[in-house]
Amino acid sequence: MFFLCSQFNRCITSQLIKWFSNFREFYYIQMEKFARQAIVDGVNDVKGLSVARDCELFRALNVHYNKANDFQVPERFLEVAEITLQEFFTAIFLAKDSDPSWKKAIYKVICKLDSDIPQEFKSSNYL
DNA sequence: AGAGCCCCTG
DNA sequence: CAGGGGCTCT
């Protein structure tokens, strides 16, 4: 819809889906990693977990998705990231990760929080 | 059957 | 990132 100059056949589209799927996987891997680290660090309350622009988790994500700081990360992203981190923390804290499919419940919550494409990306002269 | 996503791997 | 197996849903 937003890249009218490109032809999207089946292969290109599936590759694109794969690409974004990898992006999402990286996101969740980081979330689990930092949630586990928080537990190791002795955090025992989700209220102690936040995601701000100057925190380690945000930096890890930003380096991956927005290395050159081409755009300003939407505030909503931080909110959802924080919710995700807390979801992982709570699940691990309650030892729910013993269930092989423990992440599915988290995915179901977080995928509903997906945001629409930022308006600036829809601009034809964005590139 | 095919799309989409997850998981694991290289 | 890409590949490929597996599962869900249409």
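Each chain gets a letter, A, B and so on, in the order its sequence line appears, and its residues count up from 1. Please read all numbers here as calculations on a predicted model, not as lab measurements.
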Rounded interatomic separation in angstrom, taking OH from Tyr27(A) and C1' from dC1(C):
20 Å

Reckon Arg10(A) has a side-chain N or O less than 4.0 Å from the OP1 or OP2 of dA3(B)?
yes

Under 6.0 Å from the CD atom of Glu79(A), do we count more than 12 heavy atoms belonging to anything else shown?
yes

Compute the ring centroids of Trp102(A) and Tyr107(A), then answer whether they are less than 6.0 Å apart.
no

Is there a path of hydrophobic side-chain contacts, each under 4.5 Å between heavy atoms of I, L, V, M, F, W or Y residues, that connects Leu113(A) with Leu57(A)?
yes

Side-chain donor-acceptor pair present, Thr84(A), Tyr28(A), cut-off under 3.5 Å
no

Out of dC5(B), dC1(C), dC6(B), which nucleotide sits closest to the side chain of Phe23(A)?
dC1(C)

Rounded off to whole Å, could you give me the CD1-to-C1' distance for the Ile12(A) and dA2(C) pair?
14 Å

Measure CG/Asp99(A) against P/dC7(B) and give the value in whole Å, please.
12 Å

Distance below 4.0 Å between Tyr107(A) side-chain N/O and dT8(C) OP1 or OP2:
no

Here the distance between atom P of dG4(C) and atom NZ of Lys18(A), to the nearest Å, is 10 Å

Rounded distance (Å) that lies between atom C1' of dG2(B) and atom CD1 of Ile17(A):
11 Å

Tell me: NZ of Lys67(A) to P of dC1(C), nearest whole Å?
11 Å

For a quick test of reading the model, state the closest non-hydrogen atom pair linking Arg53(A) to Val73(A) and the distance between them.
NH2-O, 2.8 Å

Output the single nucleotide from dC1(C), dC6(B), dC7(B) whose closest atom is nearest the side chain of Arg24(A).
dC6(B)

Determine whether Phe26(A) and Ile106(A) fall in the same hydrophobic cluster, where Ile, Leu, Val, Met, Phe, Trp and Tyr are linked whenever their side-chain heavy atoms lie under 4.5 Å apart.
yes

What integer distance in Å separates Phe26(A):CZ from dA2(C):P?
15 Å

Would you confirm whether Ser21(A), through its side chain, and Ile17(A), through its main-chain N or O, come within 3.5 Å as a donor-acceptor pair?
no

Let's see if you get this right: which residues in residues 59-66 of chain A place a heavy atom under 4.0 Å from DNA chain C?
none

Nucleotide nearest Glu25(A) when distance is taken to its side chain, options dA3(B), dC7(B), dC1(C):
dC7(B)

What is the distance from CD1 of Ile106(A) to P of dC7(B), rounded to the nearest Å?
10 Å

